[in-house]
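Below is one structure, written out as structure tokens, with a few remarks after it.
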Number of protein chains: 2
Amino acid sequence: MDVHRSIENKVITIYDIAREAGVSAATVSRVLTNNANVRNEKKQRVLELIEKYNFKPNAMARSLSDTKSKVIGIIAADVRNPYYADMFVACEIAAQKAGYTVMLCNSLGEQIQEEKQLEKLQEQRVDVIIQMGGRVDDLVSNKSYVEKVNQLMNTIPMVVTGKLDGTQCYQVQIDAMKCMDLLTEHLIELGHREIALIGGRMDVLSTFEKFQRYKQNLSKYQIPFREDLVSEDGGYDYETGYTYMNRMLGQGIRPTAVIAINDFAAVGIVRSIQEHGLCIPQDISVVSYDNTYVSELLSPKLTTADYNYESFGEKLIETAVAAIEGREMPKIQLLPPTLIVRESSGRAPETKE
Amino acid sequence: MDVHRSIENKVITIYDIAREAGVSAATVSRVLTNNANVRNEKKQRVLELIEKYNFKPNAMARSLSDTKSKVIGIIAADVRNPYYADMFVACEIAAQKAGYTVMLCNSLGEQIQEEKQLEKLQEQRVDVIIQMGGRVDDLVSNKSYVEKVNQLMNTIPMVVTGKLDGTQCYQVQIDAMKCMDLLTEHLIELGHREIALIGGRMDVLSTFEKFQRYKQNLSKYQIPFREDLVSEDGGYDYETGYTYMNRMLGQGIRPTAVIAINDFAAVGIVRSIQEHGLCIPQDISVVSYDNTYVSELLSPKLTTADYNYESFGEKLIETAVAAIEGREMPKIQLLPPTLIVRESSGRAPETKE
DNA sequence: TTGAAAGCGCTAACAC
DNA sequence: GTGTTAGCGCTTTCAA
């Protein structure tokens, strides 16, 4: 017994509208979709009734009929991470502009979840799936996931923020190398030559690329690479930054600058440095990736690489919509980051120059 | 021309399965829904084909047929705020357990957006709508929004994290008064008697309640209420905390403790205090609301009121599902907060005792 | 310009 | 147990 659908409140359909307007359901549909001519007089009558009853066409019925749901499925690693939250909201806004609705699923680091989400979105008959984070970040793509996706892509196109080798997913990525260039060049210009790199796992594509680029950049400026200035595999959280920085400082290793793999790691790094009685940026500069709001909350505020989430979202949706419509798009699109200089980076200490 | 649906990859239906299994579509449907007996032999044949073709039933068709979409619409103010992100993820997890999918919309502080989202979710024929933040936070509910919601509730039940006077929405709220009790009692026990309250707007229900309770608690402990220790209407962000604390300290007003309206405001307050050369908690204690991860990132880590997002999400979904099924539920449910003591609160300075 | 009718893919009532 | 049938609410030919 559904209390929310009493007799006087039955949910109304185009047939109800049609009957009262003295036209056929087809005609009501025509004014709804607005892609066929209807005599103005009738159109007005229909419009008034729609208004009167606050009629909203049933999206399920519509998509059943034209096999397009007008919804974009999004799988994110975790929206509680502001990086994904920023991207998701940017996508939502862009999608709305394009006439689409989004449906968000969080995989929360669970590989099984990712596959379940894929299936769920498939059941919902979303028109396209965008995946950000998770398996698509892997340096070497997971075989069974690739198979799953390939199977799915027989019917639903996908766009990812990383890659998925062996699939035809569209890739919209931030230019990780360029990010590293921005950060290292900024530091080197400030006179730094002992630059640490902390956080991140090497089996993550973007991290791996950053690490490679870091080495290239050092050698470009004739700075020797030092094993003791980079963390072995770590994570992307506060703990990672805090632990590695503590270890480094504890061993008497004193870089003049630290590149954190993201804003969270940076927070841990900053805390460790401050607890060691050192000042940022006077003694040590700290820079990072992502430019989430965390970088503005911290004291000092962080110098960080920004991705321009708004245009990232737009590009993602643009690509997704193009994929739906079967229009050609480049398989890989790289987005340029920009550097946001704040308080956490400064000239290298005198003694080091 | 849909490139993703070539001939060999047509999306298959129960009819395809039925034909190949030599049974009727109804039988396939029966094994799908699993709520009618099917001879085991046939069942197996069907199951194998489902597996073979990786068949996923079309959720649109299903909901069209039984007028239940099994999706829960969620309107949040802004998932980029960790408070909402935590709640959303908790809801998503609870919803999945209950066999539901969630659809998230962010209103982003736009009143028009809120109404649009309502309509969109209505079109999607979600089974229930949960709104967290936005108009449901208003101390005095917006007339036209109430009307809109009442209209909607003829067909779709709603549950809100605040209230909507003049509607029959289910309310699942955090006990704001209890929150304030926790914080003030903690501070008073630590010997504080000059307790400031910073941030928040008085036209927001929970803030208003906190403010009232703050006054009650002071009087309960015979502490005089001082106008100069509370901010007039402010916001819920870093700036608010920073600005008000600066003003207070600048005017020579020196509370021994500050209650921030949320973690973000707390960050601004902490920074202001530190910039004035004061120590937390030795000179001034700072406590806040929400226990988002921000409270752990900050230095010192914040003492804050926690809401147990997991059970909040569960309660929200439980109520939503009950509403869908027409089961009785209390119209108002209050969730008890708990106090998380970290580094930012300590005994009041000696001179003040 | 408009209506009749078929169909989108599924569920459920009804027979057998 | 299982098939037949009738919708669910919309869009879209096809005729008129």
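To find a chain, count down the sequence lines: A is the first, B the second, and so on, and within it residues start at 1. Computation of the quantities below employed the complete heavy-atom set of this structure, encompassing side-chain atoms and omitting hydrogens, waters and symmetry-equivalent molecules.
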Report task. Would you indicate, yes or no, if C/dT11 has its OP1 or OP2 atom less than 4.0 angstrom from a side-chain nitrogen or oxygen of B/R62? Result -> yes

**Report entry** Between CG on residue B/N150 and OG1 on residue B/T167, distance to nearest 0.5 Å
**Finding:** 6.0 Å

Report task. Between B/T27 and B/A61, name the one whose nearest nucleotide on DNA chain D is closer to the 5' end. Result -> B/T27

Query raised in the report: When you check the phosphate oxygens OP1 and OP2 of D/dC10, does a side-chain N or O of A/N58 lie under 4.0 Å from one of them?
Result: no

Query raised in the report: Step by step, would you call A/E92 with B/N106 a side-chain hydrogen bond (donor to acceptor under 3.5 Å, both in side chains)?
Result: CA-CA 8 Å; A/E92 186 186 14; B/N106 289 281; 2.7 Å; yes

Query raised in the report: Could you go step by step and tell me if A/Q333 and A/T319 meet the side-chain hydrogen bond (donor to acceptor under 3.5 Å, both in side chains) rule?
Result: CA-CA 9 Å; A/Q333 297 175 83; A/T319 306; 2.9 Å; yes

Report task. May I ask you to verify if any side-chain N or O of B/S29 is less than 4.0 angstrom from the OP1 or OP2 atom of C/dT11? Result -> yes

Query raised in the report: For A/L316, does its backbone N or O pair with a side-chain atom of A/E314 as donor and acceptor, under 3.5 Å?
Result: no

Query raised in the report: With a 4.0 Å cut-off on heavy atoms, is B/T13 in touch with a base, just the backbone sugar-phosphate, or nothing at all?
Result: sugar-phosphate

Query raised in the report: Quick one: the side chain of B/Y15 and the base of C/dC8, do they pair up donor-acceptor inside 3.5 Å?
Result: no

Query raised in the report: Is B/V28 touching bases, backbone alone, or none of the nucleic acid, heavy atoms closer than 4.0 Å?
Result: nothing

Extract from the structure each pairing of a protein N or O with an N or O of nucleotides 14-16 of chain D at less than 3.5 Å, listing the distance.
none

Query raised in the report: Which residue lies toward the 5' end of DNA chain D, B/D66 or B/A26, if each is placed at its nearest nucleotide?
Result: B/A26

Query raised in the report: Is A/T33 touching bases, backbone alone, or none of the nucleic acid, heavy atoms closer than 4.0 Å?
Result: sugar-phosphate

Query raised in the report: Has B/K42 got a side-chain N or O lying under 4.0 Å from the OP1 or OP2 atom of D/dG3?
Result: yes

Requested in this report: Check the distance between C/dA4's P and A/I14's CD1 and give it to me in whole angstrom.
Outcome: 13 Å

Query - Distance in angstrom units between A/K10 NZ and D/dG9 C1', rounded - result: 11 Å

Requested in this report: Flag the pair A/R45 and A/E41 as a salt bridge only when some basic side-chain nitrogen lies within less than 4.0 angstrom of an acidic carboxylate oxygen.
Outcome: yes

